[in-house]
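Below, chains carry the letters A, B, ... as their sequence lines are ordered, and counting in each starts from 1. For clarity, every value in this text was computed on a predicted model and none was experimentally measured.
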Amino acid sequence: MIFNGLLGFAMMLTVLFCIGDLQTVLETKTGYPFIQIFYDSVGSVAGATAMAAVVLALTWACAIGITTTASRMTWSFARDRGTPFSRYLSKVEHRTKVPVVAVGAVTVFSALLTLIYVGSATAFNDVISLTITGFYGSYFLPAVFLLYHRIKGHVASKNDVPSSTMADETNGAVLGSKEGEGEKSASPGDLNAGTPIVEVAQAALAWGPFRIPGILGIINNAYACLYMIFVIFWSVWPPETPVDATTMNYSVVVTGGVIIFSIVWYWIRGRKEYEGPLIDDEVKAVMRMGSIVAM
Amino acid sequence: MRHKIAIAARVPSTTLCSHPLFVTGISIIGRNIMDEIAAERNSERNADSDVLALLGKKQVLKRRFGLISIFGFAMCELITWETVLAIFSQGLNNGGPAGLVYGYLIAWLSTLSVYTVISELASMAPIAGGQYYWVYMLAPVRYKKFSSYIIGWLTSLAWIATVATESIFAGLIIQGLIILDYPDYEPKQWQGTLLAWLVIALAVFINVVIPGLLPKFETFILVFHCAGFIAIMAVLWVYSPHGSASSVFATSLNEGGWPTQGLSYCVGFLGNVATFVGADASVHMAEESTCMSISPLLLPST
């Protein structure tokens with residue numbers, strides 16, 4: 001953020017100082033004002049092409065990395081049975097250890113999203129604001145909860161970590177037993193015979209190696225939350241007025257649609273399938289062993 | 001008697017990745033089993049997979065990314081100067097040069113604040129799932145399941161939309177270059193979408209067929225990212241006529257036709273926000289880098 005921010009700011013000042021005539025740049029045929037600026041600057045098609053090709057290569061490389069990230073996110077959610085067809089989506093290819101089905105799924109959906117561009121002149125703007133609405137929406141909730149817990153002092157400090165991680169069956173955070181066994185909180189004594197063991201990951205609230213301590217952290221966290229509300233609000237506005245069907249900002253439709261769909265899907269299937277982040281069998285085996293010893 | 005599962009804390013954390021979860025973590029007894037599991041999987045057990053085990057997950061993906069390559073990865077997902085070039089016109093139309101410059105500074109510092117919080121969370125629980133895991137960890141008991149479910153969907157959507165954004169960006173740059181090089185070409189919007197699909201196709205190919213090359217690729221792109229910046233800056237400053245300071249710092253525009261300049265600033269501000277979006281990429285790669293505890297620092301630093 002700091003390093004890239006500096007580069008970006010330098011580039012922005014450069015572009016603004018070198019922009020030349022505003023109107024020709026904004027009304028460029030190429031669709032990208034920066035290509036026009038490059039052309040006006042070097043005065044040759046070949047030179048401008050070479051410069052824009054550098055930007056293209058880096059953007060393309062970014063698209064490749066973003067695809068990786070997006071697939072890992074969806075894969076991870078499928079692994080916890082959050083998505084439909086989660087069994088397939090969470091598959092990891094044996095040779096490469098890559099979740100190939102998830103890669104396929106996210107790219108098919110993003111290919112569909114690019115179809116917005118066929119119909120809407122401001123689609124470029126739409127997909128941008130769609131990412132903002134989605135991201136800031138997804139950051140907002142954990143940030144608000146963290147703010148609450150840090151004000152209340154619920155988060156153990158790094159030096160003050162409890163000596164053991166307790167997963168207490170009665171604290172409500174731990175959801176029942178294995179699917180099919182149907183014993184919600186069966187007799188806790190017998191550990192060896194498939195007794196309920198923590199199904200859902202519930203790490204103790206403790207700071208990691210990195211945090212802003214004390215009141216500064218609270219101020220920062222509070223500011224971040226306020227800023228996110230501001231951004232989410234403005235992210236659904238169209239780029240110009242008056243608005244018609246082609247200049248409409250469709251991000252609110254897509255984001256709202258996904259939120260509504262996920263709520264509906266939660267009531268239909270999700271609440272039966274999704275239990276929160278699950279604990280893998282191998283890890284459970286370790287925990288089971290650990291608990292026997294602790295007993 | 002209450003049924004408790006206790007994991008004793010006796011693991012020495014001499015490794016680079018000394019994580020508090022790890023310190024609280026898997027006991028010596030558990031360790032042997034972890035070793036067995038590792039042997040079964042033919043993979044090495046290490047501090048990173050132990051942290052992951054504490055979050056409830058076994059190591060499935062391959063930890064391909066070292067410190068440099070994950071740094072490159074984080075840098076290249078942000079690609080701020082390239083995005084500034086690609087979308088500065090949004091802020092230019094609404095707000096003008098002055099709106100862009102001051103908006104950029106505000107967006108930069110504020111986003112830094114947001115990502116500091118995100119990296120605090122990533123530091124608490126470094127896991128590929130990210131947001132929905134944290135929501136589950138932090139939400140009130142009654143709403144844990146529901147809220148983390150919704151956030152899981154929202155985060156997936158955001159990332160899918162980012163794939164769409166980047167590929168549209170790249171696709172339209174290709175189209176822009178064709179327009180520049182062939183003046184007779186009549187651009188159509190659907191061709192832009194097709195070019196975006198071409199971009200996606202290559203991304204799928206690299207991700208599925210040769211993922212082993214990704215770390216080297218990201219390291220290369222990191223160098224290219226810096227070199228390209230210097231080259232383009234140099235060309236622009238040398239060849240272009242320079243505007244005056246007032247044309248940059250004191251010129252506002254309202255091309256969107258908003259009733260007030262203030263509204264126009266706010267609408268254009270979103271272009272600046274978009275410049276920094278997606279910096280949590282390295283968070284979702286937490287299960288693929290060899291040092292989880294460093295990863296959260298990537299967000300504010302890169």
Problem - Side chain, backbone, both or neither of B:Ile174 within contact of chain A (heavy atoms, under 4.5 Å) - result: both

Problem - Ring-ring centroid check A:Tyr117 B:Trp190, cutoff 6.0 Å - result: no

Fill in the blank from the handout: So, the part of A:Val54 with a heavy atom under 4.5 Å from chain B: the answer is both

Exercise for the section: Output the option from A:Ala57, A:Gly43, A:Ala61 having the highest count of non-hydrogen pairs under 4.5 Å with chain B. Expected result: A:Ala61

Exercise for the section: Report the option among B:Leu121, B:Val135, B:Val248 that has the most heavy-atom pairs separated by less than 4.5 Å from atoms of chain A. Expected result: B:Val248

Handout entry: chain B contacts, top residue of A:Ala224, A:Pro33, A:Ser41 (heavy-atom pairs, under 4.5 Å)
Key = A:Ser41

Problem - Part of A:Thr255 within contact of chain B (heavy atom distance under 4.5 Å) - result: both

Practice task
Sort A:Leu26 into side chain, backbone, both or neither according to what part of it lies under 4.5 angstrom from a heavy atom of chain B.
Solution key: side chain

Practice task
Tell me, for B:Leu236 versus chain A, whether the close heavy atoms (under 4.5 Å) come from the side chain, the backbone, both or neither.
Solution key: both

Completion exercise
chain B shares the most heavy-atom pairs under 4.5 Å, among A:Pro238, A:Cys225, A:Gly270, with A:Pro238

Exercise for the section: Run the salt-bridge test on A:Glu275 and B:Lys144 with the 4.0 Å N-O cut-off and return the result as yes or no. Expected result: no

Handout entry: Toward chain A, the part of B:Cys76 with a non-hydrogen atom under 4.5 Å
Key = backbone

Problem - side-chain hydrogen bond (donor to acceptor under 3.5 Å, both in side chains) partner of A:Asp80, chosen from B:Tyr133, B:Tyr132, B:Tyr136 - result: B:Tyr132

Exercise for the section: To the nearest 0.5 Å, tell me how far B:Gln131 CD sits from A:Leu141 CG. Expected result: 10.5 Å

Fill in the blank from the handout: Applying a strict 4.5 Å limit to non-hydrogen atoms, the region of A:Leu16 in contact with chain B is both

Practice task
Measure distances from B:Phe276 to the heavy atoms of chain A and classify the residue's part below 4.5 Å as side chain, backbone, both or neither.
Solution key: both

Problem - Separation between CG of A:Leu7 and CD1 of B:Ile79, rounded to the nearest 0.5 Å - result: 12.0 Å

Exercise for the section: For chain A, find which of B:Val199, B:Asn94, B:Ile151 contributes the most heavy-atom pairs closer than 4.5 angstrom. Expected result: B:Val199

Exercise for the section: Determine yes or no for a side-chain-to-main-chain donor-acceptor pair under 3.5 angstrom, with A:Tyr32 supplying the side chain and B:Phe169 the backbone. Expected result: yes

Exercise for the section: Pick whichever of B:Ile118, B:Leu92, B:Leu61 has the most heavy-atom pairs under 4.5 Å with chain A. Expected result: B:Leu61

Fill in the blank from the handout: Whatever's closer than 4.5 Å to a heavy atom in chain B on A:Trp234 counts as both

Exercise for the section: Please look at A:Trp75 and chain B and tell me whether the side chain, the backbone, both or neither of the residue comes under 4.5 angstrom of a heavy atom of that chain. Expected result: side chain

Fill in the blank from the handout: Output for pair (A:Leu130 CG, B:Ile160 CD1), nearest 0.5 Å, gives 10.0 Å

Handout entry: Region of B:Leu270 in contact with chain A, defined by heavy-atom distances below 4.5 Å
Key = both

Exercise for the section: Could you tell me whether a side-chain N or O of A:Thr131 sits under 3.5 Å from a main-chain N or O of B:Ala161, the two making a donor and an acceptor? Expected result: no

Practice task
Could you look at B:Tyr149 and say if it's the side chain, the backbone, both or neither that has a heavy atom under 4.5 Å from chain A?
Solution key: both

Exercise for the section: May I ask you to decide if A:Trp60's main-chain N or O and B:Glu166's side chain share a donor-acceptor pair within less than 3.5 Å? Expected result: no

Exercise for the section: Could you check which of B:Trp134, B:Phe229, B:Phe217 has the highest count of heavy-atom pairs closer than 4.5 Å to chain A? Expected result: B:Phe229

Exercise for the section: First locate atom CH2 of B:Trp159, then atom CZ of A:Arg72, and finally report the distance between them rounded to the nearest 0.5 Å. Expected result: 12.0 Å

Fill in the blank from the handout: Cut-off 4.5 Å, heavy atoms of chain A, and the answer for B:Gln90 is side chain

Fill in the blank from the handout: Under 4.5 Å to a heavy atom of chain A? For B:Leu85 that would be both

Practice task
Over 60° means perpendicular and under 30° means parallel, so classify the ring planes of A:Trp237 and B:Trp258, tilted if in between.
Solution key: tilted

Handout entry: Main-chain N/O of A:Leu58 paired with B:Glu82 side-chain donor or acceptor, under 3.5 Å
Key = no

Handout entry: Proximity breakdown for B:Thr111 and chain A, heavy-atom pairs closer than 4.5 Å
Key = both

Problem - Any donor-acceptor N/O pair, B:Lys145 side chain to A:Arg271 backbone, under 3.5 Å - result: yes

Completion exercise
Under 4.5 Å to a heavy atom of chain B? For A:Phe17 that would be both

Exercise for the section: Please flag which part of B:Pro241 lies under 4.5 Å from any non-hydrogen atom of chain A: side chain, backbone, both or neither. Expected result: backbone

Handout entry: Interchain contact, A:Met228 with chain B, by part (heavy-atom threshold 4.5 Å)
Key = side chain

Practice task
Examine whether an atom of A:Pro242 lies under 4.5 Å from a heavy atom of chain B, and if so say whether it belongs to the side chain, the backbone or both; otherwise answer neither.
Solution key: neither

Handout entry: Under 4.5 Å from a heavy atom of chain B, the part of A:Leu147 involved
Key = neither

Exercise for the section: Tell me, for B:Ala196 versus chain A, whether the close heavy atoms (under 4.5 Å) come from the side chain, the backbone, both or neither. Expected result: side chain

Exercise for the section: Tell me, for A:Tyr39 versus chain B, whether the close heavy atoms (under 4.5 Å) come from the side chain, the backbone, both or neither. Expected result: side chain

Completion exercise
Here the gap from A:Met73 atom CE to B:Met285 atom CE, rounded to the nearest 0.5 Å, amounts to 14.0 Å

Exercise for the section: Would you confirm whether B:Thr193, through its side chain, and A:Thr114, through its main-chain N or O, come within 3.5 Å as a donor-acceptor pair? Expected result: yes

Practice task
Give the member of A:Ala53, A:Gly65, A:Ala70 that has the highest number of heavy-atom pairs under 4.5 Å with chain B.
Solution key: A:Gly65

Handout entry: Toward chain A, the part of B:Phe146 with a non-hydrogen atom under 4.5 Å
Key = both

Practice task
Let me know if B:Ser301 has heavy atoms under 4.5 Å from chain A in its side chain, its backbone, both or neither.
Solution key: backbone

Fill in the blank from the handout: Note: vs chain A, highest number of non-hydrogen pairs under 4.5 angstrom among B:Pro211, B:Ala201, B:Pro187 is B:Pro211

Practice task
Could you tell me the separation between the OG1 atom of B:Thr116 and the CE atom of A:Met1, rounded to the nearest 0.5 Å?
Solution key: 8.5 Å

Exercise for the section: Let me know if A:Val92 has heavy atoms under 4.5 Å from chain B in its side chain, its backbone, both or neither. Expected result: side chain

Handout entry: chain B contact via A:Val15 - side chain, backbone, both or neither, heavy atoms under 4.5 Å
Key = side chain

Practice task
Please name the pair of heavy atoms, one in A:Phe145 and one in B:Ala139, separated by the smallest distance, quoted to 0.1 Å.
Solution key: CE1-CB, 3.6 Å

Fill in the blank from the handout: Greatest number of non-hydrogen atom pairs under 4.5 angstrom with chain B, of A:Thr69, A:Ile64, A:Ile66, A:Asn4, falls to A:Asn4

Handout entry: Close aromatic pair by centroid cut-off 6.0 Å: A:Phe34 and B:Phe88
Key = no

Handout entry: Most chain A-contacting option - heavy-atom pairs closer than 4.5 Å, from B:Tyr104, B:Phe73, B:Trp81, B:Phe269
Key = B:Tyr104

Practice task
Could you please spell out the steps behind the side-chain hydrogen bond (donor to acceptor under 3.5 Å, both in side chains) verdict for A:Thr67 and B:Asn207?
Solution key: CA-CA 8 Å; A:Thr67 307; B:Asn207 270 290; 4.5 Å; no

Exercise for the section: Name the region of B:Leu177, side chain, backbone, both or neither, that has any atom closer than 4.5 Å to a heavy atom of chain A. Expected result: both

